[in-house]
Amino acid sequence: MVHNIFAGIADDEERWATILTPPEGKPRWTPDEAKRRMGRQVTKPVTPQEKVSAIHTLAQDEQVAAQVTGDLLRRPAVVAQVKDEDKVRVVEELTREDQVAAAVAPDFLRRPEVVARVAKADKVKVVEELTRDEHVAAEVTTGLLRRPDVAFRAMSDDTARHQVNHAQVERGRQAREYFEESSPVAPAIRNIDRSVEFLDLVTACHAFVAAAGRVVPGMRDRQLGDDERTIVHENVARVRATLDWIETAVDTGKVDVDGELARLLQGE
């Protein structure tokens, strides 16, 4: 047996010299000592490296490897000696299946120390993925906007601010529509609204006339400059256009604004 193992030594003199020189403290070569001398896998591993090599050999079968890996990972003392990069690689491999990843991820995210080490960009990406569902997004957003600092930063974004304002208007409109469709007092409220609109319009006309009555007499014997007269004439034109608009609305109920009137009202 030993001679067969040492047959790998091509030089006869070297081979016989090796056979005749057993390991120190031993009278002769054993098969495992001969294999160890030749760098081959031994039958009964002794050193850690020999044991590792034996395990690798036995675990070449995928089913065996899976069983051994599972058993080893259940031993905390073993896992503690695994390098961080190898642990990461193991986790990545074990969580390739979506169901497993979904089961593991919530546990990670419940650990503040783990979350604290996640990069800002990755946190943002995680939040975006978790809030793709509209109901989840609505609940999370509500909670976030209750935090003053978050709300302030969010409203610094023009698009976000516009969307919030639009949502408020839309919610008010929907609430009003629901009220008008379902409330038994809606007709009475509509009558009150019309009365309020009428009073607001009369008040606006009265306020304008009263203001003009106070200001115009004070211009006696005053000469305005060209620029001043131009500005006043432009505003008088706006007032005339507005009065025509009011009359049309009162007479016909139509409040549509054409392009030219819109430009005048906007001061263009």
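Index from 1, following the sequence. In this text, all values refer to a predicted model and were calculated from it rather than measured experimentally.
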S.K.: Taking the side chain from Asn235 and the backbone from Ile231, do they hold a donor-acceptor pair closer than 3.5 Å?
M.R.: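 Here the side-chain-to-backbone pair exists.
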
S.K.: How would you list, by chain and number, every residue that makes a salt bridge (charged side-chain N to carboxylate O under 4.0 Å, His left out) with Glu129, sequence neighbours excluded?
M.R.: Arg132

S.K.: Under the side-chain contact (heavy atoms from CB on, under 4.5 Å) test, which residues partner Val127, sequence neighbours left out?
M.R.: Thr131

S.K.: Applying side-chain hydrogen bond (donor to acceptor under 3.5 Å, both in side chains), can you list everything that pairs with Asp158, at least two apart in sequence or on another chain?
M.R.: Arg161

S.K.: Quick one: salt bridge (charged side-chain N to carboxylate O under 4.0 Å, His left out) partners of Asp149, sequence neighbours excluded?
M.R.: none

S.K.: Around atom CG of Asp133, are there more than 12 heavy atoms from other residues, nucleotides or ligands closer than 6.0 Å?
M.R.: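 Result for CG/Asp133: enclosed.
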
S.K.: Tell me, please, which residues at least two apart from Asp227 pass side-chain hydrogen bond (donor to acceptor under 3.5 Å, both in side chains).
M.R.: none

S.K.: Kindly write out the residues that satisfy salt bridge (charged side-chain N to carboxylate O under 4.0 Å, His left out) with Lys83, not counting sequence neighbours, or none if the list is empty.
M.R.: none

S.K.: Can you name the side-chain contact (heavy atoms from CB on, under 4.5 Å) partners of Pro22, sequence neighbours left out?
M.R.: Trp29

S.K.: How would you list, by chain and number, every residue that makes a side-chain contact (heavy atoms from CB on, under 4.5 Å) with Asp122, sequence neighbours excluded?
M.R.: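 Residues passing side-chain contact (heavy atoms from CB on, under 4.5 Å) with Asp122: Val118, Ala119.
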
S.K.: Listed by chain and number, what are the side-chain hydrogen bond (donor to acceptor under 3.5 Å, both in side chains) partners of Asp226, not counting sequence neighbours?
M.R.: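 Arg229.
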
S.K.: Identify, with sequence neighbours excluded, every residue that meets salt bridge (charged side-chain N to carboxylate O under 4.0 Å, His left out) alongside Arg220.
M.R.: none

S.K.: List in chain and number order the residues that pass side-chain hydrogen bond (donor to acceptor under 3.5 Å, both in side chains) with Glu170, two or more places apart in sequence or in another chain; answer none if no residue qualifies.
M.R.: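 For Glu170 the side-chain hydrogen bond (donor to acceptor under 3.5 Å, both in side chains) partners, ignoring immediate neighbours, are Arg173, Gln174.
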
S.K.: For Glu13, is the CD atom crowded, meaning more than 12 foreign heavy atoms sit under 6.0 Å from it?
M.R.: no

S.K.: What residues form a side-chain contact (heavy atoms from CB on, under 4.5 Å) with Arg146, not counting sequence neighbours?
M.R.: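 With neighbours one apart ignored, the set is Thr142.
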
